[in-house]
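Keep in mind that the numbers below use all heavy atoms, side chains included, and drop hydrogens, waters and symmetry copies. Please read all numbers here as calculations on a predicted model, not as lab measurements.
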Amino acid sequence: MEIRVAGWAGYGFAVSLLAVISLVMAGLGTRWGFWDFRTGFLFLRAAVVLGVIGILLSLVSAFPAKGVFFTLALLGILIGLVSAGIPFKWYRMAKSVPVIHDITTDWEDPPRFDAILPIRQSAPNTAEYGGEEIAAQQRKAYPSVVPKILDDPPSEAFRKALNAAIGLGWQVVSADMTSGRIEATDTTLWFGFKDDIIIRIRPNGPGSKVDVRSVSRVGKSDVGANAKRIEKYLARLARES
């Protein structure tokens, strides 16, 4: 009986370990260029399936097991929960937000890319704004994504806007104070997705109005990433002021 329990505990732990490896490689393999993001997403699905199997196998052995086998079973359950839980959380987030990947603080006159256009020529997603259909979905899902009004004149606002972008680790492609435009690229940590950002500074009375637009190069849905990026940027800009 003890040998049988040990076997189930070992199988459960091994499958859960495969699940977490699949989870890690889903992103890193995409980032390192081993495969494209669609293959990476298949690894995520595999992590969920393997994680659930690992949990079930570990549960079978957990209660009759003792000592090191009980610890092994618990580890199998915990690792399986993490491996299946993270992709499932992303899936739920994806279902809770609109299927859009272009977010801007000004949907009536969104900032337009220029310097970045040659860089993203081969990107599946266009840099052209989708119009009212996209704007309506954004207004409903992300009502807090609005322009930032600063008391500073445009020249000082530009300096602070540029410092905020650099402070977030974005790769600045262009910074033109004359036109009040900053274009940059942000690379996500895990999958290495590249999203492009444009910051526009215009006079607003004695102060300035800062608009930001963030657009994914790939993927129909950004799972809320672009809105979060803009909110994080504007919060940092407020600290610069």
Side-chain angles (χ1 to χ4, degrees), residues 97-168 170-188 193-241:
V97 297
V99 185
I100 56 178
H101 54 263
D102 189 344
I103 304 297
T104 177
T105 57
D106 187 346
W107 49 81
E108 293 182 352
D109 181 21
R112 298 184 182 278
F113 291 100
D114 181 26
I116 274 178
L117 290 178
I119 300 174
R120 59 176 293 148
Q121 266 187 336
S122 60
N125 292 340
T126 178
E128 289 296 318
Y129 191 65
E132 178 57 28
E133 181 182 354
I134 301 299
Q137 294 182 71
Q138 179 190 316
R139 287 195 297 268
K140 183 178 179 180
Y142 311 115
S144 62
V145 176
V146 294
K148 183 70 176 177
I149 305 299
L150 300 178
D151 295 331
D152 306 287
S155 59
E156 180 63 14
F158 183 91
R159 183 188 68 80
K160 292 179 178 180
L162 181 58
N163 287 341
I166 294 172
L168 288 175
W170 296 353
Q171 178 187 356
V172 176
V173 176
S174 173
D176 185 352
M177 183 179 290
T178 303
S179 62
R181 294 160 54 91
I182 300 166
E183 296 183 56
T185 298
D186 186 24
T187 303
T188 63
F193 290 133
K194 292 186 179 296
D195 300 332
D196 297 313
I197 309 105
I198 178 167
I199 304 157
R200 182 181 66 197
I201 299 97
R202 286 177 170 175
N204 184 66
S208 304
K209 177 188 175 188
V210 180
D211 280 299
V212 188
R213 182 181 172 200
S214 182
V215 186
S216 302
R217 292 187 188 179
V218 300
K220 293 182 179 180
S221 173
D222 63 8
V223 197
N226 286 303
K228 289 179 182 177
R229 178 180 294 113
I230 291 175
E231 290 173 341
K232 184 177 181 180
Y233 172 78
L234 293 179
R236 188 175 185 100
L237 179 60
R239 292 196 296 271
E240 292 278 344
S241 302

For side chain to side chain contact (heavy atoms under 4.5 Å, CB included), just list the numbers for Phe193 and Asp222, CA-CA rounded to whole Å, side-chain angles, deciding distance to a tenth of an Å, and then say yes or no. CA-CA 10 Å; Phe193 290 133; Asp222 63 8; over 6 Å; no
Is the shortest side-chain heavy-atom distance between [X] and [Y] below 4.5 Å?
{"X": "Tyr142", "Y": "Pro98", "result": "yes"}
{"X": "Ile230", "Y": "Ile103", "result": "yes"}
{"X": "Gln171", "Y": "Thr187", "result": "no"}
{"X": "Leu234", "Y": "Val212", "result": "yes"}

[X]: partners by side chain to side chain donor-acceptor pair (under 3.5 Å), with sequence neighbours left out:
{"X": "Asp109", "result": "Arg202"}
{"X": "Glu231", "result": "Ser144"}
{"X": "Asp151", "result": "none"}
{"X": "Thr104", "result": "none"}

By side chain to side chain contact (heavy atoms under 4.5 Å, CB included), which residues pair with [X], not counting sequence neighbours?
{"X": "Ala136", "value": "Glu132, Arg139"}
{"X": "Ala123", "value": "Arg120, Arg217"}
{"X": "Asp211", "value": "Thr105, Asp106, Pro111, Pro147, Arg200, Lys209"}
{"X": "Val146", "value": "none"}

From [atom1] ([X]) to [atom2] ([Y]), nearest 0.5 Å:
{"X": "Arg213", "Y": "Ile199", "atom1": "CZ", "atom2": "CD1", "result": "13.5 Å"}
{"X": "Ile198", "Y": "Ser214", "atom1": "CD1", "atom2": "OG", "result": "11.5 Å"}
{"X": "Ile197", "Y": "Arg229", "atom1": "CD1", "atom2": "CZ", "result": "5.0 Å"}
{"X": "Leu237", "Y": "Lys232", "atom1": "CG", "atom2": "NZ", "result": "14.5 Å"}
{"X": "Lys160", "Y": "Asp152", "atom1": "NZ", "atom2": "CG", "result": "3.5 Å"}
{"X": "Ile166", "Y": "Ile182", "atom1": "CD1", "atom2": "CD1", "result": "8.0 Å"}

Begin with the C-alpha distance, continue with both residues' side-chain angles, and end with the deciding distance and a verdict on side chain to side chain contact (heavy atoms under 4.5 Å, CB included) for Ile134 and Trp107. CA-CA 9 Å; Ile134 301 299; Trp107 49 81; over 6 Å; no
Contacts of type ring pair (Phe, Tyr, Trp, His ring centres under 6.0 Å), residue Tyr233, not counting sequence neighbours: Trp170
If you take all heavy atoms of Ser216 and Asn125, which pair is closest and at what distance? O-ND2, 3.2 Å
Looking at every heavy atom in both Pro153 and Ser208, which two are closest together, and how far apart are they?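 Closest pair (atom of Pro153, atom of Ser208, distance): C-OG, 3.1 Å.
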What verdict does the side chain to side chain contact (heavy atoms under 4.5 Å, CB included) test give for Ile119 and Val173, after you've listed the backbone C-alpha separation in whole Å, the side-chain angles of each residue and the deciding distance to 0.1 Å? CA-CA 10 Å; Ile119 300 174; Val173 176; 3.7 Å; yes
By salt bridge (charged side-chain N to carboxylate O under 4.0 Å, His left out) - contacts of Arg181 (at least two apart):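 Glu183.
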Heavy-atom donor-acceptor pair, Thr185 side chain to Lys194 backbone, under 3.5 Å: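 Side chain of Thr185 to backbone of Lys194: no pair is present.
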